[in-house]
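Quick notes on the structure that follows.
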Amino acid sequence: MRLETKEDFQKLLHKLLDPLKALYSQGGARLHLGDSGVTYSRDTIEMEAFSRPLWALVPFWAGGGHDQEFEAIYQKGFANGTDPLHEEYWGGFHDYDQRFVEMAAIAWGMIFAPGQVWEPLSQKGKQDLAVWLYKINEYEIPDCNWQFFMILVNVALKKRGCSFSREKLESGLEKIESYYLGEGWYRDGGSAQKDYYISFAMHYYGLLYAVAMESEDPGRCKAFRERAEIFAGDFIFWFDENGSALPYGRSLAYRFGQAAFWSAYVFAGLNGISLSVVKGILARHLDWWDSQKIYDRDGVLTIGYSYPNLIMAERYNAPGSPYWGMKSFLCLALPDDHEFWSEKAAPLPELKKVKMLRQADMIVHRMENQVTAYPAGVCEKYGHGHVPEKYSKFAYSTRFGFSVARSQIVLHENAPDSALAFVIDGDDYVFVRKVSLSYEVKEDRVISTWQPFPGILVTTVVIPEENGHRRIHTIESSYDCMAYDCGFSVERFTKGYGQREEGAEAGVWYEDRKCEVLGKGPKAKGLVIQADPNTNVLYPNGNIPAVAYRIEKGRRIIVETRIKAFVRK
């Protein structure tokens, strides 16, 4: 599907959402999409699934679109879901309730599409909805991007002339301000992790606020806009020429939500990057995702990344979670005669080959037909699942993806691509970098010190090179062990597949892609690890070229590995 006109974007929206129409509950307030579990109840799971399509339907309506079936479903759902006497009532809250997250989609509909979301409701329906939304002010919510949900709800209540909490609105905005780091970047509350979620949440909601409250709060709205402009200059490096984005960090199950920032960028009228370039990023990204194996047989989005995959999911990825990616359709709120629709999608501009993203704690490397990030391994030790795999590998590639562990036992189950994996003599447990103890990101290299296991200390230097990167590891170990320095996972069972193990080298390739590793160190030996199925986020079967080194206890050992990665198209 080639996306150029507004009708093209609308058609893709219908492809994504029309399969849901037959799956809403009789009362319209719930949507059952699957039976996998998360950390909240079935009722909340189905309320979440109801809410998330609104991130696309609201701009569709605000931009002049009409779909009588969806309008009828949602008007019925708003009335029944907020009626305490109805069997599909959403209420009954507690601190940190997931339903507070889902309120934001309804609130933004009240702000920007009141003709479909608010005005058709009866007086009782409006009162019930307002009372239900106000509850977010009466409970604890996390000190993170959730503050924006409370902000948007209070803005919506204010705009519609309902009771709202001025105190909570202001306190939420003050907390968001405290998260700002400079250079366009926020942290997400207390988290040290910086990934695409900063664009998807912090900037996206900030730009919604900037449009909604421009006359009432001009100073803060100006700041949100200015920060987004600065951030755009860094975030453009996240995207490949083919439309894909860096698979790095959490919440990748939202898939095309990776480009939601660019839709908010044009919605807010920002222009530091040309409309044609932004349109190209957004159109290619949505095209790329539409070509992946992300739908089930009925056309419903699945949990996973480039194919259905529960292994890589977080504990909050419910069957309706992927529909948060619909935030990327915010551009549909633009009027039919907006120049965005007549602009030709332009390719990415000329960008630096190696770019330090200081606030993101990484270097981004643009090679031929691929983008690779070298992060410093800055993250929480524990989180929502697979934190080391999503944040602490040495390299993340748009074309090779990354792998998550099926278990920490034996190499093929751990699938430690782009990692230095240790196996202590007499055991088969695999230890990798979980979090860096200290780090430094320079213009041309990333240096980190880390401890895979008490008694093993490693300092790693990662240096971008023309066709890949070089890793220099200084290892001090209290144990005799093996260290496996691993390259990218390469897809198996595809045309032209091949592999080799020769001396201190190993390689895996197929027609379009190739990864080679070349090692220098004690007893260096090349090998290919046959990773377990469904560990890589881009393809279900992959093999990993690696170099094994013998590490003797009590000695300071330096090993050096070159990783070369080639992509033909």
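Quantities reported herein were computed from a predicted structural model and do not represent experimental measurements. Along the sequence shown, the residues carry numbers beginning at 1.
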Quick check against the 3.5 Å criterion: does [X] have a side-chain atom that pairs as donor or acceptor with the backbone of [Y]?
X      : Y      : value
Asn369 : Val567 : yes
Arg399 : Lys569 : yes
Ser342 : Glu339 : yes
Glu380 : Ser191 : no
Asp67  : Phe70  : yes
Asp240 : Ser244 : no
Thr5   : Asp8   : yes
Glu229 : Gly272 : yes
Arg568 : Glu511 : yes
Asn145 : Ala201 : no

Among side-chain atoms of [X] and [Y], is any donor-acceptor pair under 3.5 angstrom?
X      : Y      : answer
Glu389 : Ser403 : no
Arg492 : Tyr539 : no
Glu102 : Gln98  : yes
Thr302 : Arg255 : yes
Asn309 : Tyr307 : yes
Tyr396 : Tyr391 : no

Check: [X] ring centre within less than 6.0 Å of [Y] ring centre:
X      : Y      : result
Phe112 : Phe267 : yes
Phe224 : Tyr209 : yes
Tyr196 : His203 : no
Trp324 : Phe200 : yes
Tyr179 : Tyr186 : no

What is the minimum heavy-atom distance between [X] and [Y], and which atoms define it?
X      : Y      : result
Val58  : Gly109 : CG2-CA, 3.5 Å
Pro545 : Val508 : CD-CG2, 3.8 Å
Leu20  : Pro53  : CD1-CG, 3.9 Å
Pro19  : Gly299 : CG-O, 3.6 Å

Assess whether side chain to side chain donor-acceptor pair (under 3.5 Å) is satisfied between Tyr204 and Tyr197, documenting all intermediate values. CA-CA 10 Å; Tyr204 190 95; Tyr197 216 85; over 6 Å; no

Is the ring pair [X]/[Y] parallel, tilted or perpendicular, if the boundaries are 30 and 60 degrees?
X      : Y      : value
Tyr205 : Trp55  : tilted
Tyr265 : Phe261 : tilted
Tyr305 : Trp288 : tilted

Can we say [X] and [Y] salt-bridge, meaning some charged N sits less than 4.0 Å from an Asp/Glu carboxylate O?
X      : Y      : value
Asp18  : Lys21  : yes
Arg358 : Glu183 : yes
Lys495 : Asp512 : no
Arg2   : Glu4   : yes
Lys175 : Glu177 : no
Glu48  : Arg52  : yes
Glu466 : Lys353 : no
Lys159 : Glu216 : yes

Arg513 NZ/CZ over Phe566 ring centroid, <6.0 Å and within 45° of normal: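 Relative to the ring axis of Phe566, which defines the angle, Arg513 lies outside at least one limit.
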
Geometric cation-pi criterion, Lys352 with Phe237: 6.0 Å, 45°: no

What is the distance from atom [atom1] of [X] to atom [atom2] of [Y], rounded to the nearest 0.5 Å?
X      : Y      : atom1 : atom2 : value
Ile303 : Ser321 : CD1   : OG    : 6.0 Å
Trp185 : Ser199 : CH2   : OG    : 8.0 Å
Lys393 : Phe488 : NZ    : CZ    : 10.5 Å
Glu465 : Ile463 : CD    : CD1   : 7.0 Å
Leu3   : Gln10  : CG    : CD    : 11.5 Å
Gln258 : Ser328 : CD    : OG    : 8.5 Å

Pairwise side-chain contact, Met202 with Asp188, heavy-atom cut-off 4.5 Å (strictly under):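 Heavy-atom side-chain distance check passes, below 4.5 Å.
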
So do the side chains of Leu16 and Phe256 get within less than 4.5 Å of each other, counting heavy atoms only?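 A side-chain contact exists here, since the closest heavy-atom pair is under 4.5 Å.
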
Does Glu170 form a salt bridge (Lys or Arg N to Asp or Glu O under 4.0 Å) with Arg220? I'd like the steps, not just the answer. CA-CA 11 Å; Glu170 189 59 33; Arg220 191 173 272 125; 3.2 Å; yes

How about Lys564: does its NZ atom have over 12 heavy atoms from other parts shown lying under 6.0 Å from it?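 Open.
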
Does atom CD of Gln68 have more than 12 heavy-atom neighbours, drawn from other residues, nucleotides or ligands, at distances under 6.0 Å?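 For Gln68, atom CD is not crowded (no more than 12 foreign heavy atoms under 6.0 Å).
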
Lys390 vs Tyr248, side chain to side chain contact (heavy atoms under 4.5 Å, CB included): CA-CA, chis, key distance, verdict: CA-CA 6 Å; Lys390 293 174 181 176; Tyr248 167 79; over 6 Å; no

Show your working on ring pair (Phe, Tyr, Trp, His ring centres under 6.0 Å) between Tyr497 and Trp509 and close with a plain yes or no. CA-CA 6 Å; Tyr497 177 83; Trp509 63 87; 7.5 Å; no

Report the C-alpha distance between Ser263 and Leu282 in whole Å, list the side-chain angles of each, state the deciding distance to 0.1 Å, and finish with yes or no for side chain to side chain contact (heavy atoms under 4.5 Å, CB included). CA-CA 7 Å; Ser263 209; Leu282 191 56; 4.0 Å; yes

For side chain to side chain donor-acceptor pair (under 3.5 Å), just list the numbers for Trp341 and Asp336, CA-CA rounded to whole Å, side-chain angles, deciding distance to a tenth of an Å, and then say yes or no. CA-CA 7 Å; Trp341 303 118; Asp336 294 351; 5.6 Å; no

Consider side chain to side chain contact (heavy atoms under 4.5 Å, CB included). Of Val364, Val441, Ile363, which one does Tyr374 pass it with?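 Single side chain to side chain contact (heavy atoms under 4.5 Å, CB included) partner of Tyr374 among Val364, Val441, Ile363: Ile363.
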
Could you please spell out the steps behind the side chain to side chain contact (heavy atoms under 4.5 Å, CB included) verdict for Val155 and Trp108? CA-CA 9 Å; Val155 169; Trp108 115 265; over 6 Å; no

